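Notes for the one structure printed next.
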Amino acid sequence: MSTEIRPDLVDRMIELYCDWRTACWDVRGAYDRFLEAPAPDRAVAFAAYTAALDREESSCDAYAAHIRAIQSRFSDAAVHAHRPHANLR
C-alpha cells in the first residue's frame with residue numbers, strides 16, 4: 001500500500017482551502033458592511049453577515065473533512081506498511 005498522496009486529492013485540498021479563504025474574506029466584507037450600515041439597514045446587514053459566517057463554517061468543515069480523509073488514508077497505509085505479519089508463526 002502506498003503512502004504517497006494522490007495528486008487529485010492534493011488538487012482538491014488546495015481547491016477547498018481556496019474556497020475557505022475566499023469565504024473568510026467574504027465574512028470580513030460582510031462584517032464591514034454591517035458596521036457601516038445605517039440603522040434602518042442594520043438588521044439586513046447583520047443577516048448577511050451571519051449568512052457569510054455560515055458559508056465560511058461550511059467551507060471550513062469541507063476542507064477539514066478532506067484533510068481528515070487524507071490523514072486517515074495516509075496513516076492507514078503507514079500502519080499497513082509497518083505492521084508485522086501476525087500469521088508468520
Side-chain angles (χ1 to χ4, degrees):
M1 186 175 281
S2 174
T3 57
E4 191 172 306
I5 299 172
R6 292 187 345 234
D8 62 311
L9 295 176
V10 174
D11 290 345
R12 181 67 178 144
M13 179 184 62
I14 292 169
E15 179 183 333
L16 289 168
Y17 176 79
C18 291
D19 291 347
W20 171 52
R21 295 305 298 154
T22 298
C24 290
W25 282 108
D26 291 346
V27 167
R28 288 178 190 224
Y31 185 71
D32 289 343
R33 287 186 294 280
F34 164 67
L35 290 178
E36 297 171 4
D41 299 332
R42 203 159 284 148
V44 172
F46 185 75
Y49 168 63
T50 58
L53 282 172
D54 290 344
R55 289 188 301 275
E56 186 273 340
E57 180 180 28
S58 178
S59 61
C60 177
D61 289 345
Y63 175 59
H66 191 70
I67 294 291
R68 283 190 300 273
I70 290 173
Q71 287 174 329
S72 175
R73 289 177 186 162
F74 185 78
S75 45
D76 287 348
V79 166
H80 291 323
H82 299 293
R83 179 181 291 167
H85 296 286
N87 295 332
L88 295 178
R89 296 182 190 176

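Fair warning: this is a prediction, and the values are worked out from it, not measured in the lab. Starting from 1, each residue takes its place in the sequence as its number. Atoms considered below: every heavy atom in the structure, side chains included; atoms not considered: hydrogens, waters and symmetry mates.
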Item to check | Side-chain (Ser72) to main-chain (Arg68) donor-acceptor, under 3.5 angstrom | outcome: no
Checklist outcome for this item: The ring pair (Phe, Tyr, Trp, His ring centres under 6.0 Å) partners of Tyr31 (sequence neighbours excluded) come to Tyr49
Item to check | Any donor-acceptor pair under 3.5 Å from His66 side chain to Asp61 backbone | outcome: no
Next on the checklist: Under the rule for side chain to side chain contact (heavy atoms under 4.5 Å, CB included), what residues qualify as partners of Val10, not counting sequence neighbours?
Outcome noted: Ile5, Met13, Ile14
Checklist entry - What residue pairs, at least two apart or across chains, pass side-chain hydrogen bond (donor to acceptor under 3.5 Å, both in side chains) with a residue in residues 7-27? => result Arg6-Asp8, Arg12-Glu15, Trp20-Glu56
Checklist entry - Closest heavy-atom contact between Ala30 and Ala48? => result CB-O, 4.2 Å
Please tabulate, for the side chains in residues 32-43, all donor-acceptor contacts under 3.5 angstrom to protein atoms that are two or more places apart in sequence or on a different chain.
from  : atom 1 : to    : atom 2 : distance (Å)
Arg33 : NH1    : Gly29 : O      : 3.3
Arg42 : NE     : Ala37 : O      : 3.4
Arg42 : NH2    : Ala37 : O      : 2.8

Next on the checklist: Can you tell me how far apart OH (Tyr63) and SG (Cys18) are? Round to the nearest 0.5 Å.
Outcome noted: 9.5 Å
Next on the checklist: Working to the nearest 0.5 angstrom, can you tell me the gap between Arg55 CZ and Thr50 OG1?
Outcome noted: 9.0 Å
